[in-house]
Every structure is written in C-alpha cells, then in structure tokens.
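Counting starts at 1 for both ligands and their atoms, following the listed order.
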Amino acid sequence: MPRPLRAAIIGLGAAVPEKVLTNADFEKFLDTSDEWITQRTGIRERRIASEDQSTGTLGTIAAKNALADAKLTPQDIELIIVATVTPDMTMPSTACCIQNDLGAKDVPAFDIGAACSGFVYALSVAGKFIETGTYKRVLVIATETLSKFSDYTDRGSCVLFGDGAGAVVLEGTEDTDRGLLYSVLHADGNGWDFIHVPAGGSRSPASLETVGNREHYIKMRGRDVYKFAVEKMQWLLGDCMEKCSLTVDDIDMVVPHQVNSRIIQSAARKFNFPQEKVFVNIDIYGNTSAASIPLAMQQARDEGRIGPGSTLMLVAFGAGLTWAGAIVKL
Ligand code: UT7
C-alpha cells in the first residue's frame, strides 16, 4: 500500500530586474508625491523590466535559481506550472516558453491565471499532482511584468506595481509533517471588473481604437479592492489557523501577498500577530502580483528569518476576484 505523500519545498529561487523606479521618479511625470505613495501603500521603490526582459525571461532565471537551490537540473522536473497574469503572449502559455528556455523537453507545462493569488493557486494544484503520486517533482514559477500593462498616466494604479519572479521546486515526501499541509482556494467572479485589462481579449480584440483609449492597461477600483483585501486577508488568516488547529504561536511567519502595508498590518493586528512574524518587503518591490509571495519567501530566508522547520502561512487575494491561503512547513 503506497504511503501518503506531501509536497515539500526543496528549492527556492527569485529574480528581479536591475532597474529601480523610485517614488521620486514618479514625481517627475505624475501628479503624485513620495509622501502620498509611502503613507498610503508603504511602497518606496519597485523594479521595472527592461525592453528585452519579459515575464518568461524573469521566470526562467527564478526557475534556474530554484533548481540550483534544490541541486537539480531541468531534466529532473516532471511538470511546470506558471502563475501569471502578464504572460509573454496570449498564446502559447508562458509555461511553454519557460520550459523551452530551460530545456525541460516534453514535460507538461501550463499557466494558471489567478492574478495575485496565482502562486498559492499553483502551489495547491502542484500539491495535488504530488499527493496523488502523478508526479514526483514539480516546478512552480510565479512571474510578472506588471509594468508592461500599467498605465503610467493613471496615478491611482501605476505607482503600486513592480516586476519580479519567484519559483519553488516541490518534491513528494513521505514525511507527512512537512511541506504543503493545507491550502484553500476561492473566487468570486462577480468582482471581475475590480481589476481588469479591458481589451486585447475576445470581448474586445485589439484595434486602433482600443489602443487609443488605453484599454490594454490595468484598470483598478482601488477603494473597492482595498475593502475586499482587508476582509479576505482576515478571513484567510482565521481559516488557515482554524483548519490546521494552529495558534499565532505555532506560526513562524505570515508571508502575505504584498498588496499594501496598511492592509497587511490591519489584518495582522486583528489576530495579534507580532510585527516580526509578518513579512513585508513591499517597500522595495511594490506589488508584484503572483510573484510577491515567493519573492518575500526568498528574502525572508536570505535574512535568516525562516528556514528548515519553519511553519509559514501564505495568504493572497487579487483580480478575479480570487483569494487563497496555505500552510507550509519548510
Ligand atoms: O493586488 C491587488 C492590486 N490592487 C491593490 O493593491 C489596490 C488596493 N487599494 C489600495 O491600495 C488603495 O486603495 C490605493 C493605494 C490604490 C489608494 O489609496 P486610498 O487611500 O484608497 O485612496 P483613494 O483611492 O480613496 O483616493 C484618495 C485621494 C483621491 O483624491 P481626492 O479625490 O480625495 O481629491 C485620489 O485622486 O488620493 C488621490 N490619489 C493620489 N494622490 C497622489 C490617488 N492616487 C494618488 C497618487 N498620488 N498616486
């Protein structure tokens, strides 16, 4: 009788573009201020992809770093899942582009579009393939170049977004006290227009008119997203602890989607999480959508704040609307 498997994280990697866009840079071309952006969002700067960097190229670097961390090669991987809402192209999937760049020939590869919840969605899906014994090793990559879809004349949204990528290698383990212990996924399509890109899809194909009307850029109802994010983040923290019978003391680090430091802090306060147990790096990367959680995990590990044996709570929400949480033991 086969023993139950858990999906353990055996490799972690990240990649960010070199170019930094500071709040002061925005002051030069937008009616905004460093003070407004810092106070309302916690963001001081973000990374911006160059013309020759894409979601796929950043994702490939993050994937290579995760594979090196796991001491594996692309040939050891049996499935590639990419979480992104800023794909290289409408077709094929960015996962196929990355599979090709990695030289991971013939293994299945597909994208998941759950916006900022994408990494947790992808982790959960990858976990099922491993838990059922279908694949032993899965590469999950969350990669975004939001700058390429941001309207730099819209001060209500463009100041939030940055580019980056993070990746994890998951492997089946018989140690049931380790790996992805719990995940929960939700969506409410009724809020599809809270954050969306109106044109370029089948509802409104690209035309001179759609380009002229700036409809290929992200449109966001910031206040509505804010309220939704506060509510769902609180719900996710409560649900993950309740379903896994964990208390604040049992959690070593909450790694939230880096949405807005005010949203993160207000949810953490509700459960009395001490500040040092909530990882925030939105100040240097902004909101990188699906990539934000693995980017934060990488930094938390580099700073020695998480490591083998750490229990993490991952919480995310985003366009869709989607929201998702997970408990992971490293
Ligand atoms: O991953 C999900 C992605 N989405 C999000 O993360 C969005 C979540 N929402 C938020 O983080 C906040 O709603 C924002 C940061 C986007 C906006 O903050 P807010 O406190 O909700 O401001 P607001 O939209 O209520 O706007 C307040 C004022 C308005 O001016 P008036 O009407 O009071 O004169 C805006 O025009 O702030 C103005 N404003 C700005 N001022 C300077 C909006 N953006 C800016 C800006 N600089 N960049």
Side-chain angles (χ1 to χ4, degrees), residues 21-46 83-86 112-122 142-166 186-189 191-197 217-236 255-268 280-296 314-325:
L21 190 65
T22 66
N23 292 349
D25 293 329
F26 275 110
E27 288 177 350
K28 292 175 200 149
F29 63 89
L30 209 56
D31 180 14
T32 190
S33 66
D34 174 39
E35 192 191 358
W36 191 95
I37 302 170
T38 309
Q39 280 181 3
R40 302 280 179 133
T41 70
I43 302 168
R44 294 181 185 281
E45 58 186 46
R46 65 291 286 147
T84 190
V85 276
T86 52
I112 283 184
C116 306
S117 311
F119 177 71
V120 183
Y121 262 66
T143 176
E144 305 276 15
T145 47
L146 289 161
S147 68
K148 312 233 182 197
F149 296 82
S150 295
D151 184 347
Y152 285 97
T153 65
D154 176 10
R155 67 176 183 173
S157 63
C158 71
V159 298
L160 299 177
F161 300 125
D163 303 335
H186 280 284
D188 178 6
W192 68 270
D193 64 341
F194 279 34
I195 318 173
H196 72 296
V197 177
Y217 293 124
I218 298 165
K219 310 287 176 206
M220 190 181 73
R221 287 162 46 187
R223 269 276 125 189
D224 292 330
V225 178
Y226 191 96
K227 283 185 218 146
F228 154 76
V230 170
E231 183 199 326
K232 294 309 176 198
M233 183 141 165
Q234 288 182 2
W235 183 86
L236 287 165
V255 186
H257 165 48
Q258 303 293 311
V259 59
N260 179 317
S261 58
R262 288 190 295 151
I263 296 174
I264 296 171
Q265 300 306 351
S266 81
V280 179
N281 66 352
I282 194 170
D283 53 328
I284 56 168
Y285 293 136
N287 177 346
T288 58
S289 187
S292 83
I293 289 181
L295 263 180
L314 315 180
V315 286
F317 30 78
L321 299 164
T322 57
W323 60 105

Which one of Y226, W36, F317, F26 has a non-hydrogen atom at the shortest distance from atom 18 (O) of ligand 1?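 Ranked by closest heavy atom to atom 18 (O) of ligand 1, first place is W36.
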Heavy-atom nearest option to atom 21 (O) of ligand 1, drawn from R223, Q258, K227, M220 |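 Closest candidate by heavy-atom distance is R223.
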**Message:** To check you understand the geometry: which heavy-atom pair defines the closest contact between A142 and P294, and what is its length?
**Reply:**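 For A142 and P294, the tightest heavy-atom pair comes out as CB-CG, 4.0 Å.
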Once you round to the nearest 0.5 Å, how far does [atom1] of [X] lie from [atom2] of [Y]?
| X | Y | atom1 | atom2 | result |
| --- | --- | --- | --- | --- |
| S266 | Y226 | OG | OH | 5.5 Å |
| I37 | R44 | CD1 | CZ | 11.0 Å |
| Q258 | I43 | CD | CD1 | 9.5 Å |
| N281 | T288 | CG | OG1 | 7.5 Å |
| F161 | R46 | CZ | CZ | 11.0 Å |

Could you list which atoms of ligand 1 come closer than 4.0 Å to a heavy atom of [X]?
| X | value |
| --- | --- |
| R262 | 18 (O), 20 (O) |
| R40 | 19 (P), 20 (O), 22 (O), 27 (C) |
| G156 | 16 (C), 44 (N) |
| H257 | 1 (O) |
| G222 | 8 (C), 9 (N), 13 (O) |

Q. Less than 3.5 Å between some nitrogen or oxygen of S33 and one of ligand 1, yes or no?
A.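 There is no such contact.
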Can you tell me how the ring of [X] sits relative to the ring of [Y], calling it parallel under 30°, perpendicular over 60° and tilted otherwise?
| X | Y | answer |
| --- | --- | --- |
| F194 | F228 | perpendicular |
| H186 | W235 | perpendicular |
| F26 | F29 | tilted |

For [atom], grab the closest protein heavy atom and report residue, atom and distance to one decimal in Å.
| atom | answer |
| --- | --- |
| atom 3 (C) of ligand 1 | N287 ND2, 3.3 Å |
| atom 47 (N) of ligand 1 | T32 OG1, 2.6 Å |
| atom 35 (C) of ligand 1 | R155 NH2, 3.9 Å |

Between [X] and ligand 1, which part of the residue brings a heavy atom under 4.0 Å of the ligand: side chain, backbone, both or neither?
| X | result |
| --- | --- |
| T41 | side chain |
| L30 | neither |
| V259 | both |

Take [atom] and look for protein heavy atoms under 4.0 Å from it; say yes if you find one, no if not.
| atom | value |
| --- | --- |
| atom 11 (O) of ligand 1 | yes |
| atom 14 (C) of ligand 1 | no |
| atom 40 (C) of ligand 1 | yes |
| atom 33 (O) of ligand 1 | no |

Backbone N or O of S147 within a donor-acceptor pair of the D163 side chain at under 3.5 Å?
->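 It does hold such a pair.
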- Query: Heavy-atom contact under 4.0 Å between A229 and ligand 1?
  - Reply: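 A229 does not count as a contact of ligand 1 under the 4.0 Å cut-off.
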- Message: Side chains of T86 and E144: any donor to acceptor distance under 3.5 Å?
- Response: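 Yes, T86 and E144 have a side-chain donor paired with an acceptor closer than 3.5 Å.
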| query | Within a radius of less than 6.0 Å around CZ of R262, do more than 12 heavy atoms belonging to other residues, nucleotides or ligands occur? | reply |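 Result for CZ/R262: enclosed.
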